[in-house]
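One structure below.
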Amino acid sequence: MPEQDPRQDPVEAGDHVVLIDGSAYIFRAYHALPPLTRTSDKLPVGAVAGFCNMLWKLVRAQGFEPKPTHLAVVFDKSEQTFRKDIYPLYKAQRPDLPEDLRPQFPLIREATRAFDLACVEQDKYEADDLMATYAELAKAKGALVTIISSDKDLMQLVDARVRMYDPMKDRAIGAGEVVEKFGVGPEKVVDVQSLAGDSVDNVPGVPGIGIKTAAQLLAEYGDLDTLLARAGEIKQTKRRENLIEFADQARLSRELVTLKRDVPLDVPLDDIAVVEPEGKRLIAFLKAMEFTTLTRRVAEAYEIDAGAIEPDPGLRAGGAETALLAAGLDPETKEPAIPTEAAAALGEGFTPQALSAARIKEAATTPVDRSKYETVTTLERLREWVARAFELGLIAVDTETTGLDPMQAEIVGFSLATAPNEACYVPLAHKGGDEGLFSEGLLPNQIPLDDAIAAIKPLMEHPGVLKIGQNLKYDWLILKRLGIELVAYDDTMLVSYVLDAGASPHGMDPLSMRWLGHTPIKYEEICGKGKGQIRFDRAPIDKASDYAAEDADVTLRLWQVLKPRLAAEGKATVYETLERPLVTVLARMEARGITIDRQMLSRLSGEFAQGMGRLEAEISEMAGETFNPGSPKQLGDILFGKMQIPGGRKTPTGAWSTGADVLEELAEQGHELPRRILDWRQLQKLKSTYTDALPGYVHPETGRVHTSFALAATTTGRLSSSEPNLQNIPVRTEEGRKIRQAFIAAPGHKLISADYSQIELRLLAEIADTPSLRQAFQDGLDIHAMTASEMFGVPIEGMPGEVRRRAKAINFGIIYGISAFGLANQLSIPREEAGAYIKRYFERFPGIRAYMDETRNFAREHGYVETLFGRRCHYPDISAKNPSIRAFNERAAINARLQGSAADIIRRAMARMEPALEKAGLSARMLLQVHDELIFEVPDDEVGATIPVVREVMELAPFPAVALEVPLKVDARAASNWDEAH
DNA sequence: AAGTCTTCGTA
DNA sequence: GTACGAAGACTTC
């Protein structure tokens with residue numbers, strides 16, 4: 001660092017040396033301010049922000065007279081100080097550093113440097129000792145010293161040439177203030193502290209003597225040694241005995257509290273001369289931290305255009321140094337940010353945590369070098385890569401295809417990686433030139449597809465070689481269609497999901513930026529986007545090769561970082577039982593698809609269209625003009641503008657709200673138009689989303705519909721389904737169920753639908769430890785009726801439907817993290833009444849209130865909650881300042897434990913289902929999952945034998961990991977279509 | 001052409 | 001009050 005030269009300037013008489021107690025600032029900033037995280041990546045930066053604001057205030061205040069000639073921000077370095085050597089209990093009871101403060105230490109040092117201020121710290125010595133030494137040296141040269149700190153331990157340094165300044169209270173501390181605090185002058189502060197001790201730092205002192213008594217004794221006897229020598233003269237019995245008995249302890253305390261004024265300084269006093277701040281570096285830092293207000297202020301003060309300055313590339317979100325920080329490592333030393341004894345011990349041993357930390361460190365320090373990639377053009381070279389993979393026992397794989405749908409896309413090439421920067425791309429089907437109707441236009445130097453498949457098949461199917469991929473379900477399906485059944489794999493996307501669900505995204509690009517500090521080539525850079533986009537097989541091989549090989553390289557590197565975290569963070573079992581097995585289970589379900597009755601859907605489309613036509617005519621009639629009933633804007637204008645119907649609400653953006661609830665209310669008041677709109681909307685929804693769209697998803701070859709299940713899409717562990725979404729097929733209305741009837745079994749088969757009955761309520765009874773609810777489930781009672789009976793004192797026999805309905809709404813409300821507002825909305829009752837219901841519910845079921853409080857507190861403290869099976873769901877915004885955001889996160893966290901536990905259970909069932917069916921000699925095939933329901937296709941004559949197996953696997957899914965007190969119940973039925981089976 | 005808002009289907 | 005995805009309207013580039 002060439003920054004020492006400009007800082008060198010001997011201290012002379014009349015100079016002004018300012019010493020800032022950095023460590024004290026950090027803790028002040030951390031504890032005094034609400035938590036704050038950087039917007040783009042949730043890096044905790046609250047203390048950094050507070051620290052920067054304080055420094056800026058100090059620098060700008062210029063209230064130091066005379067102007068500082070030398071200035072240093074002084075930090076504590078390690079916990080291992082010479083005081084610990086003489087008294088191991090010194091500061092021993094300090095609580096561990098908060099998790100979100102640790103990574104801020106290196107950032108705060110960065111901040112100091114960005115301010116162009118000297119940053120001083122030294123092993124074995126506390127900041128206080130360093131300041132004492134600087135002060136002593138400066139004094140000797142005739143300089144004036146100002147110590148910026150409010151720490152009472154520094155008050156012993158105050159004298160004619162050394163003053164203190166308390167930045168919190170904004171006042172100077174001179175001898176007068178010291179007397180106020182200790183009852184003695186600065187020169188006797190040490191003696192007072194030796195007697196009174198300090199519970200915070202674990203300085204023992206003498207029992208029964210506090211600051212007041214100590215000051216009084218010293219006033220009488222002069223100094224500590226005299227006092228101890230003449231202790232026998234003291235009148236008060238207990239005090240006399242204690243002073244005699246604990247004299248040594250007082251002397252030890254003196255050693256602890258006396259600041260060392262002769263530390264052999266690493267950075268000499270003359271090397272902390274003030275340099276003229278540049279401003280640009282500071283702005284680059286502040287921009288990287290995303291401190292917009294301070295950035296603006298600083299830019300204005302320096303008259304610099306902040307927009308023209310790039311955020312510090314290493315520290316910005318996604319920067320390499322940020323990646324290290326996220327792992328708790330200091331970007332400069334690559335060591336744990338604060339080397340605690342625990343961390344030091346881990347660093348030496350082969351613990352999972354040590355391995356994980358080491359991998360994170362390596363990952364962010366080995367740059368991606370695309371020039372090292374190879375394009376494989378011969379079978380011989382491919383075979384050498386395969387041999388290398390067998391030798392290593394591990395290889396990263398990525399397939400490149402013509403599209404996003406793994407059931408339709410064709411392979412274009414694949415890439416492999418065996419080590420960082422050791423990656424290749426194998427082009428197979430790149431095309432170029434004129435692609436005539438009959439000619440393929442295949443480019444030269446590509447291995448024939450069949451040869452390549454034959455070369456890699458043994459590798460991919462070998463159980464002894466680990467294949468690593470990102471979103472491997474996609475590649476598994478592509479390879480499956482080429483006759484390769486991939487086994488023995490890890491999926492980096494799923495590893496990330498297990499570790500960080502809800503906290504950060506799991507796509508390859510964000511993962512690469514976060515863990516490797518590297519931005520991979522974008523797909524658009526190779527193939528363009530929008531209208532001009534080309535398929536991957538039309539991309540030039542050299543560019544495609546860089547892109548594809550990089551994907552495999554990055555995937556391998558991500559695996560090196562993320563996989564050890566599983567063991568280090570105790571999540572290996574979650575990954576291995578709830579995630580990894582689902583890749584092939586879901587891939588097979590997707591590959592099977594489900595049959596739909598296209599004729600039936602087409603007929604329904606016609607019927608819906610007719611109904612809509614009739615309604616449109618009536619709507620125009622009533623409105624007195626034709627408008628688009630599908631436009632909320634136009635509809636709002638008609639209803640609340642032209643027709644002047646009262647009772648309109650606005651959406652958050654200021655538009656008229658025309659939601660179903662609003663229209664329903666208007667309809668109940670006797671308005672005809674809103675009813676017609678509601679009916680029209682239902683038909684429009686069913687037609688556009690289902691009857692018109694579904695036939696478009698029928699696969700040209702299989703004749704079936706193949707949805708795609710996402711494993712890593714939700715915060716709670718649920719799956720999601722898309723293209724098409726088969727998890728939201730209508731069921732509530734008669735019209736909607738007709739769509740469900742169009743999902744049919746193949747000839748000679750039936751569909752079996754098996755769903756968990758009230759699984760989330762059962763889990764609530766279990767987790768919230770509510771005996772009456774548990775008993776009700778054990779006795780097989782109607783749970784909503786039982787709730788109503790408990791709450792309203794109505795007997796279950798002959799209970800009015802309305803009473804049960806309300807109890808049911810409350811039960812669901814509880815699962816969703818209830819609020820009076822939401823329940824009132826749901827039941828259309830006043831908020832006060834809803835509040836009273838909730839109060840009564842909690843009185844009847846106090847365990848549930850306790851559960852909700854516990855979950856809220858846990859989430860608040862940790863930033864995540866865990867399911868029964870250990871899955872973590874992160875809620876980084878749980879401590880948001882905005883009360884409604886915070887409340888939302890609290891409700892989500894309460895819901896996540898239940899929804900997530902249920903999701904875990906059905907995942908366990910799915911992972912066991914195939915082997916269980918096979919063992920029973922059954923050929924039933926799982927087709928769909930709808931959160932608490934599984935749908936199978938079964939030969940007619942196996943229906944009877946299949947249902948009990950399915951039921952048993954599902955009901956026993958939690959065992960043996962978790963033994964539930966509450967039984968799980970599964971309802972299962974078979975029919976020729978989904979509606980009747982459900 | 002791409003992104004946001006509103007609405008609505010499911011558990 | 002929780003968790004999603006899709007479609008159409010509308011806005012912005």
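Letters A, B, ... are given to chains in the order of the sequence lines, protein chains preceding strands, and every chain is numbered from 1. Keep in mind that the numbers below use all heavy atoms, side chains included, and drop hydrogens, waters and symmetry copies.
Using a 4.0 Å heavy-atom criterion, one finds that S819(A) contacts the bases of the nucleic acid, with or without backbone contacts as well. Residue D755(A) is out of contact with every strand shown, counting any heavy-atom pair closer than 4.0 Å. Within 4.0 Å of G630(A), counting heavy atoms only, lie sugar-phosphate atoms of the nucleic acid but no base atom. Using a 4.0 Å heavy-atom cutoff across all strands shown, Q684(A) reaches sugar-phosphate atoms only and no base atom. Nucleic acid contact class of R718(A) (heavy atoms, under 4.0 Å, all strands): base. When heavy atoms are screened at a 4.0 angstrom cut-off, R681(A) is found touching the sugar-phosphate backbone but no base atom. Nucleic acid contact class of E723(A) (heavy atoms, under 4.0 Å, all strands): sugar-phosphate only. Note on A710(A): nothing from the nucleic acid sits closer than 4.0 angstrom, heavy atoms only. Within the 4.0 angstrom heavy-atom criterion, base atoms lie near L823(A). Within the 4.0 angstrom heavy-atom criterion, no nucleotide atom of any strand lies near A903(A).
No side-chain donor-acceptor contact under 3.5 Å links Q408(A) and H706(A).
Of the candidates dT10(B), dA9(C), dT6(B), the closest approach to any side-chain atom of T651(A) belongs to dT6(B). The side chain of V930(A) lies closest to dA11(B), out of dG9(B), dG8(C), dA11(B). Out of dG9(B), dA3(C), dC8(B), the shortest distance to the side chain of A660(A) is found at dC8(B). Each of dG9(B), dC4(C), dA9(C) was ranked by its minimum atom distance to the side chain of P632(A); first place goes to dA9(C). Closest contact between the side chain of A693(A) and the listed nucleotides dA3(C), dA7(C), dG5(C) involves dA7(C). Counting only heavy atoms from C-beta on, R891(A) has its side chain closest to dT2(C) among dC4(C), dA7(C), dT2(C). Considering only the side chain of A809(A), dG1(C) comes nearest among dA7(C), dA11(B), dG1(C). Here the nucleotide nearest the side chain of K685(A), chosen from dC8(B), dA7(C), dA11(B), is dC8(B). Checking dA11(B), dA6(C), dA3(C) against the side-chain heavy atoms of N725(A) singles out dA6(C) as nearest.
Atom pair D661(A):CG and dT6(B):C1' shows a separation of 12 Å (rounding to whole Å applied). Distance Q727(A) CD to dT10(B) P: 13 Å, rounded to the nearest Å. Distance N728(A) CG to dA11(B) C1': 10 Å, rounded to the nearest Å. Between the CD atom of Q634(A) and the C1' atom of dT7(B) there is a distance of 16 Å, rounded to whole Å. We find that CD1 of I729(A) is positioned 12 Å from P of dG9(B), with the value rounded to whole Å. Following rounding to the nearest Å, L898(A) (CG) and dA11(B) (C1') show an atom-to-atom distance of 14 Å. Distance, Y875(A) OH to dG1(C) C1': 14 Å, rounded to whole Å. Rounded to whole Å, atom P of dT7(B) lies 12 Å from atom CD1 of I677(A).
In a base pair of the Watson-Crick type (N1 to N3 plus N6-O4 or O6-N4) or a G-U wobble (N1-O2 and O6-N3), with each distance short of 3.5 Å, dG9(B) is matched with dC4(C).
OP1 or OP2 of dC4(C) has at least one side-chain nitrogen or oxygen of T715(A) nearer than 4.0 Å. Regarding contacts with the backbone of dT6(B), every side-chain N or O of S657(A) stays at 4.0 angstrom or more from both OP1 and OP2. Residue S720(A) has a polar side-chain atom (N or O) positioned under 4.0 Å from OP1 or OP2 of dG5(C).
Y837(A) and F792(A) have their aromatic ring centers within a separation under 6.0 angstrom.
Between Y523(A) and F536(A), the ring planes are parallel. Angles under 30° get that label, and only those over 60° would be called perpendicular.
Judged by distance alone, with hydrogens and angles left aside, K633(A) brings no side-chain donor or acceptor close enough to the base of dC10(C) to form a pair under 3.5 Å.
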Stepwise side-chain hydrogen bond (donor to acceptor under 3.5 Å, both in side chains) check, R886(A) with S879(A): CA-CA 6 Å; R886(A) 195 172 58 239; S879(A) 297; over 6 Å; no
Taking it one step at a time, do E625(A) and K642(A) satisfy salt bridge (Lys or Arg N to Asp or Glu O under 4.0 Å)? CA-CA 11 Å; E625(A) 64 179 290; K642(A) 185 174 180 187; 2.9 Å; yes
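Salt bridge annotation for E579(A)-K571(A): absent, with no cationic side-chain nitrogen under 4.0 angstrom from a carboxylate oxygen.
Relative to the ring axis of W656(A), K633(A) does not place its NZ or CZ within 45° and under 6.0 Å from the centre.
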